[in-house]
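Here the structure is laid out as structure tokens; the discussion comes afterwards.
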Amino acid sequence: MGVFEDLKARGLIAQLTNEDSIRELMNSGGATFYIGYDATADSLHVGHYLQLATSARLQQAGNKPIVLLGGGTTMVGDPSGRNDMRKIMTREIINHNAECFKKQMAKFIDFKKPGAVMADNADWLLDLNYVSFLREVGIHFSVNRMLAAECYKSRLEDGLTFFELNYMIMQSYDFAVLHDKYGCNMQCGGDDQWSNILGGIDLVRRMYGDEVYGATFSLLTTSEGKKMGKSQSGAIWLDPNKTPPYDFFQYWRNVEDADVMRCLKMLTFLPVEQIDEEFGKLEGKDLNRAKETLAYELTKTVHGEEEANKALAAAKQVFESAGVSDDMPTKEIADADFENDMIGLLDLLVKTDIAPSKAEARRLVEQGGIILGDIKVEDAKATVGKDLFDNGFVIVKKGKKNFYKVVLK
RNA sequence: GGGGAGAUUCCCGAGCGGCCAAAGGGGGCAGACUGUAAAUCUGUUGCAUUAUUGCUACGAUGGUUCGAAUCCAUCUCUCCCCA
């Protein structure tokens, strides 16, 4: 089975410009493909991971990946599929973000292998001369056709600025530059990038007369079509400082039944046959085994084996034996916060960031959402004595799934 | 450039000058039920104190009024139609 068939089996392939040619190209290792990443935040998230992991699969099959940082395109912002304009970001922030991206990306793509390249479109976009760019590149674009693109549909109702309309042209130009510079012959991306990719393919043909290809990968969505990788507290980041490995692990441990198989196939590097064999027939609560594997495998590739083991062990102890683990999320409370060796429960919750405000803390307590040690506390006026901190800590449970070890400092 | 509509709490979206911390929905959080799942049901959802209440909030700034999210003026931004 070639890498193309593997990607297909994993459900990663969404759209292709030319299936036969692309299969041939990918399977023979002849693809020099690029995926662009706009530096919109200071950490990669799960959506990026999916693209990077897929790139890694292709690289392992001998294809050459080009990772393109969008230092230039981020200055404009991609309007595809959005119904509002992106916030305009400063050069400094974009540069900082791009630096953060670079560090994280090296984990997934092997840049030491020949042909693997990291580029930044700031290098050719920012110093363009407006008029000559229009004459050389702009001339190849039909506004009529651009506006007909699916990705602008919602924007045509709410308004689309000329500024943003140029995004597609910039991205298309990227492809042309990479084609010229590195012999790039394929662009990949999320399925929302289809229009932009087609633009690039067209441009390369018009400028160089060369045939290049485009492929989009399925977006990671739940069975209900909602984007995955977002939690109530925001995106799931790959940066351990923004999303601790334990939280990362828990996110995947808690995916819905209907999504486990797809996630396993799309995100982990376990062989498809193994996934099907081991988990394909599971039903009901047995699916928990699949979820555990998903969480473990993903944490392992993103944060390393050691962190994955820790997260798995912590989760097991906390959930299965109601025990204490050194690796469970820890919060600190200062000795100075106590008065006569006592502290109000609400103060404790707020000071440890378990609850964002006292009102919220009160609500939690009154609704029975707080368990201290093994006592459910429902009195908001309760106070906590230092003596409760056996061995210097106490376990606070917020809701059913959030466990914290509060350490007395 | 001309004409019109609008800016409300996390999001969408109601809102007679006092009864508006603001309907309703979504989302979130918590409880019940469960499998660390889903669906369902219940409660809750600005901050601070809870007995009362205080403070901050309805694009921005001023004004009218005993009293404004609601009226007036100016400004900023957005959308629609025409050119």
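Just so it is clear: chains get the letters A, B, ... in the order the sequence lines come, proteins before strands, and each one is counted from 1. Treat the numbers as computed from the prediction; the structure is a model and nothing was measured.
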Out of B:U36, B:A38, B:A30, minimum distance to the side chain of A:Leu364 belongs to B:A30
Q.
Work out how far the C1' atom of B:A7 is from that of B:A57, and round it to whole angstrom.
A. 15 Å
CA sep, side-chain torsions, deciding dist, call: A:Tyr213, A:Phe33, ring-ring contact (aromatic ring centres under 6.0 Å, His included)
CA-CA 9 Å; A:Tyr213 304 95; A:Phe33 65 99; over 10 Å; no
Quiz item: Base, sugar-phosphate, or nothing: which does A:Ala315 touch, judged by heavy atoms less than 4.0 Å apart?
Solution: base
Considering only heavy side-chain atoms of A:Lys285, the closest of B:U36, B:G35, B:A32 is B:G35
I'd like the P distance from B:A30 over to B:C81, given in whole Å. 45 Å
note: A:Met261, atom CE; B:A37, atom C1'; distance rounded to Å ~ 16 Å
C1'-based separation of B:C72 from B:G26 [nearest Å]: 36 Å
The residue, A:Glu366 or A:Lys376, whose nearest nucleotide of RNA chain B is more 5′ is A:Lys376
Output field dot_bracket for RNA chain B (Watson-Crick or G-U, both distances under 3.5 Å, | for other-strand pairs) contains (((((((..(((.....[.....)))((((((.......))))))(((....)))...(((((..]....)))))))))))).
* Asked: Counting any heavy atom closer than 4.0 Å, what does A:Gly284 reach on the DNA or RNA strands: base, sugar-phosphate only, or nothing?
  -> base
Reading nucleotides 40-48 of chain B from 5' to 3' and marking B where a protein heavy atom lies under 4.0 Å of the base, S where only the sugar-phosphate is that close, and - otherwise, the string is ---BSS-SS
When every non-hydrogen atom of A:Glu278 is compared with those of A:Arg289, the smallest separation belongs to O-NH2, 4.2 Å
Handout entry: Within 6.0 Å of CG in A:Asn340, more than 12 heavy atoms from elsewhere
Key = no
For A:Met266 and A:Ser218 the tightest heavy-atom approach is CE-O, 3.7 Å
Counting distance alone, no hydrogens or angles: does the base of B:G35 have a donor or acceptor under 3.5 Å from a partner atom on the side chain of A:Asp286? no
Report the C-alpha distance between A:Met328 and A:Ile395 in whole Å, list the side-chain angles of each, state the deciding distance to 0.1 Å, and finish with yes or no for side-chain contact (heavy atoms from CB on, under 4.5 Å).
CA-CA 10 Å; A:Met328 65 193 290; A:Ile395 300 300; 4.0 Å; yes
How far, in whole Å, is B:G17 from B:A69 if one measures between their C1' atoms?
11 Å
B:U52 and B:G4, which share atom name C1', separated by this distance in whole Å: 49 Å
Note: A:Asn196 and A:Tyr167 closest approach over all heavy atoms is ND2-CE2, 3.8 Å
Ranking B:A37, B:U34, B:U50 by distance to the side chain of A:Arg362, first place goes to B:U50
Separation between CD (A:Gln187) and CD1 (A:Ile35), nearest 0.5 Å, reads 9.0 Å
**Asked** Would one find a side-chain N or O of A:Lys291 under 4.0 angstrom from OP1 or OP2 of B:U36?
**Response** no
Verify the contact: side-chain N or O of A:Lys400 to OP1 or OP2 of B:C29, cut-off strictly under 4.0 Å; return yes or no. no
Note to self: Is there a side-chain contact (heavy atoms from CB on, under 4.5 Å) between A:Gln250 and A:Phe319? Walk through the geometry before answering.
What the structure shows: CA-CA 11 Å; A:Gln250 280 300 313; A:Phe319 283 96; 3.7 Å; yes
- Query: Within the pair A:Asn402 and B:C29, is there a side-chain N or O less than 4.0 Å away from OP1 or OP2?
  - Reply: no
Item to complete: For B:A32 versus B:A38, give the span between their P atoms, rounded off to a whole number of Å.
Response: 15 Å
Between A:Val255 and A:Lys398, the residue closer to the 5' end of RNA chain B by nearest nucleotide is A:Lys398
- Taking only the side-chain nitrogens and oxygens of A:Lys401, find out if one of them lies under 4.0 Å from OP1 or OP2 of B:A37. yes
